[in-house]
Amino acid sequence: MSRIAVFPGSFDPITNGHFDIIERAVPLFDKIIVAIGFNSEKKYMFSLEKRIEFLQESLKQFKNIEIKKFDGLTVDFCKKENANFLLRGLRNPADFEFEKSIAQINRLMTNGKLETVFLLTSAEKSYISSSIVREIMSYNGDYKKMVPDAVRI
Ligand code: ADP
């Protein structure tokens, strides 16, 4: 059975933190599906098309990556894509607390078929988040060291 992982997120926009997790996960899986959530109730800074474009451009060097959009439950999307792993990044204790219950619920909902794999953020990327990048962008600050080159406003 091939190892297919889904890496879900808003990627609004993709940051060097996301990139770090993806780059390190590439050798671990046969295929990684980067899944961009879109939720009509949620306000995003970048449109779905723009978020996809940033991801495609930033990740084009990797051969075993697909970029797809999804809505609804992550477990349903994983089932549809025959993915047996869910990939998440951990930056701090708050991420851990939040991710722990979600991973446990996802295991319960899939009768143990979906395993969540956590990668710890690299130390020098642990402070980066899409929300901080958005804030810096909105005040015309220098965000370029925090995102891949493809992300420009
Ligand atoms: P979500 O809305 O699902 O949190 P994000 O796009 O913010 O979507 O994050 C997607 C995934 O990337 C999450 O697992 C998150 O913990 C991880 N992540 C975000 N920033 C970093 C970072 N700087 N280092 C490691 N992982 C990160």
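Note that ligands are numbered from 1 as they come in the structure, with each ligand's atoms numbered from 1 the same way.
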* Aromatic rings Phe62 and Phe19: how do their planes relate, parallel, tilted or perpendicular, breaks at 30° and 60°? -> tilted

* Give a yes or no on whether the backbone of Thr121 and the side-chain of Arg24 come within a donor-acceptor separation of less than 3.5 Å. => no

* Give me the ring orientation class for Phe29 and Phe85: parallel if the planes are under 30° apart, tilted from 30 to 60°, perpendicular past 60°. => tilted

* To do: Output the set of protein residues with a heavy-atom contact under 4.0 Å to ligand 1, ordered first by chain identifier and then by residue number.
  => Phe7, Pro8, Gly9, Ser10, Phe11, Gly17, His18, Ile21, Lys42, Arg88, Gly89, Arg91, Asp95, Thr121, Lys125, Ile128

* Could I get the full list of side-chain contact (heavy atoms from CB on, under 4.5 Å) partners for Glu135, not counting sequence neighbours? => Tyr139

* Is it true that Glu81 and Lys68 have a side-chain N and a carboxylate O under 4.0 angstrom from each other? -> yes

* Report yes or no: do Val75 and Phe77 belong to one cluster of Ile/Leu/Val/Met/Phe/Trp/Tyr joined by side chain heavy-atom distances under 4.5 Å? => yes

